[in-house]
Protein chains: 2
Amino acid sequence: MIILSRLADYGVIVATHLAGIPDRQVNAAAVAAATRLPPATVAKVLKRLAHGGIVTGARGATGGYRLARAPEEISIAEVVAAIDGEIGVTQCASHVEGCDRTNFCPTRPHWAHINRAVSQALGAVTLAEMVGPDFLRPRPSSQVHASP
Amino acid sequence: MIILSRLADYGVIVATHLAGIPDRQVNAAAVAAATRLPPATVAKVLKRLAHGGIVTGARGATGGYRLARAPEEISIAEVVAAIDGEIGVTQCASHVEGCDRTNFCPTRPHWAHINRAVSQALGAVTLAEMVGPDFLRPRPSSQVHASP
DNA sequence: AGGAAAGCGTACCAACTTGGTCCGAATTTG
DNA sequence: CAAATTCGGACCAAGTTGGTACGCTTTCCT
Ligand code: SF4
Ligand code: SF4
């Protein structure tokens with residue numbers, strides 16, 4: 001099964017591309033050309049990212065999109081949540097609504113734990129980690145949060 | 001976004017229910033009655049679980065389903081994979097095929113790391129954890145019928 | 001041996017979510 | 001002031017999924 005949808009995948013790619021040019025607002029067509037993605041789809045992705053607060057869109061002739069925050073402040077979970085909504089393994093994980101079996105479902109509390117682990121896995125990686133080092137190699141050190 | 005599909009969710013519920021009765025093979029209708037799920041759907045779930053090697057189905061008049069292995073040997077990732085296929089955050093995470101952008105996609109290696117974390121999160125919990133110790137049971141008012 | 005019960009497989013259908021495309025409103029340049 | 005450019009939301013088609021139904025094979029009981 002595929003965890004996140006294709007739109008969310010594209011969203012991370014676009015956000016990563018935006019993270020490489022923090023001070024430069026570019027339009028959707030330029031991002032599409034740089035990422036080799038369908039222009040219409042990337043426009044939709046930028047749109048949802050703007051709605052989610054990940055990027056800010058400037059209208060007008062010289063308008064374009066720009067990262068709303070620093071790349072190291074935006075996590076993959078944020079980007080995914082901006083496109084596909086809140087992350088949750090099941091309906092009951094995020095919203096109690098949506099499933100009428102919450103009362104007698106024995107597996108519900110256990111899924112909350114799994115949901116937390118998954119959210120942490122997606123929230124631990126930021127856009128700075130995506131654009132900074134080309135090769136994936138998180139430092140052998142266990143802790144990554146404490147930075148000098 | 002919802003990580004796993006509803007069928008996979010039901011599959012875990014069914015597998016957990018099966019884990020509570022290791023030596024007793026029951027038919028699909030009994031499982032559906034016990035879990036309060038649609039009989040046809042639970043039959044489909046059991047079917048897929050049997051195809052994935054999670055449970056074994058015995059034909060005949062007194063047939064039924066039974067766990068193929070010990071509850072502590074079956075992880076949630078196994079159950080989910082049996083129903084919805086291999087777990088992967090993206091197409092490139094599991095199978096290289098399916099996305100023609102693997103050559104110039106900068107985020108692909110990073111996804112592998114995230115995919116591993118997610119798989120571990122789902123693979124760390126077993127069915128024994130689901131059915132065995134009810135460590136988190138805040139005294140529900142409507143207790144299920146306990147066997148005398 | 002015959003009948004009934006239950007799994008197994010396939011097939012089919014409906015529905016929703018997703019992917020993609022389009023046109024209109026707002027803003028800046030000149 | 002007008003034209004060009006761009007974001008914004010609305011619209012539509014398609015794929016996938018969820019769910020159901022039927023028929024066949026296998027096994028036990030009578
Ligand atoms: S309450 Fe149970 S059936 Fe409903 S979404 Fe949660 S785990 Fe799934
Ligand atoms: S190669 Fe890139 S676009 Fe393709 S599935 Fe992997 S991350 Fe997504």
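A note on names: the letters A, B, ... follow the listed sequences, proteins ahead of strands, and every chain is numbered from 1.
Looking at A/Tyr65 and A/Arg24, their side chains never bring a donor and an acceptor atom within 3.5 Å of each other. Between the side chains of B/Thr90 and A/Asp9, not a single donor N or O lies within less than 3.5 Å of an accepting N or O.
Rounding to whole angstrom units, CD1 of residue B/Ile3 and P of C/dT17 are separated by 16 Å. If you take CG of A/Asn27 and C1' of C/dT27, they are 15 Å apart, rounded to a whole angstrom. In this structure, the CZ atom of A/Arg66 is 15 Å from the C1' atom of D/dC7, given to the nearest Å. Spacing between atom CZ of B/Arg48 and atom P of D/dG19 amounts to 11 Å, rounded to whole angstrom units. Distance, A/Ile83 CD1 to C/dG20 C1': 15 Å, rounded to whole Å. Residue B/Met1 contributes atom CE, which lies 14 Å from atom C1' of D/dT16 at whole-angstrom precision. The interatomic distance linking B/Leu7 (CG) with D/dT16 (C1') rounds to 12 Å, in whole Å. Computed from coordinates, the A/His51 NE2 to D/dG9 P distance equals 7 Å when rounded to whole Å.
Side-chain contact between A/Glu73 and A/Glu78 is absent, with no heavy atoms from C-beta onward closer than 4.5 Å. Proximity of B/Arg66 to B/Val55: side-chain heavy atoms (C-beta onward) are nowhere separated by under 4.5 Å. Contact check for B/Thr126 versus B/Pro71: no side-chain heavy atoms found under the 4.5 Å cut-off.
Between A/Thr41 and C/dG20, a side-chain N or O to OP1/OP2 separation shorter than 4.0 Å is present. The side chain of B/Thr62 places no N or O atom within less than 4.0 Å of a non-bridging phosphate oxygen (OP1 or OP2) of C/dA6. Close to D/dG19, at under 4.0 Å from its OP1 or OP2, lies a side-chain N or O of B/Arg6.
Among the heavy atoms of the strands, none lies under 4.0 Å from A/Ala29. Counting any heavy atom pair closer than 4.0 Å across all strands shown, B/Ala58 reaches sugar-phosphate atoms only and no base atom.
In this structure, the nucleotide among C/dT29, D/dT25, D/dG9 sitting nearest to the side chain of B/Arg59 is D/dT25. Residue B/Lys47 has its side chain nearest to D/dA21 when only D/dC7, D/dG8, D/dA21 are considered. The nucleotide whose nearest atom lies closest to any side-chain atom of B/Tyr65 is, among C/dA5, C/dC8, D/dG18, C/dC8. Here D/dT17 is the nucleotide among C/dT29, C/dG7, D/dT17 with the atom lying nearest to any side-chain atom of B/Ser5. Comparing D/dT20, D/dG8, C/dT28 against the side chain of B/Lys44 picks out D/dT20 as the nearest.
Ranked by how close their nearest DNA chain D nucleotide is to the 5' end, A/Gly64 and B/Ala8 are led by A/Gly64. Nearer to the 5' terminus of DNA chain C, by closest-nucleotide assignment, is the contact made by B/Ala28 (compared with the other of B/Ala28 and A/Pro38).
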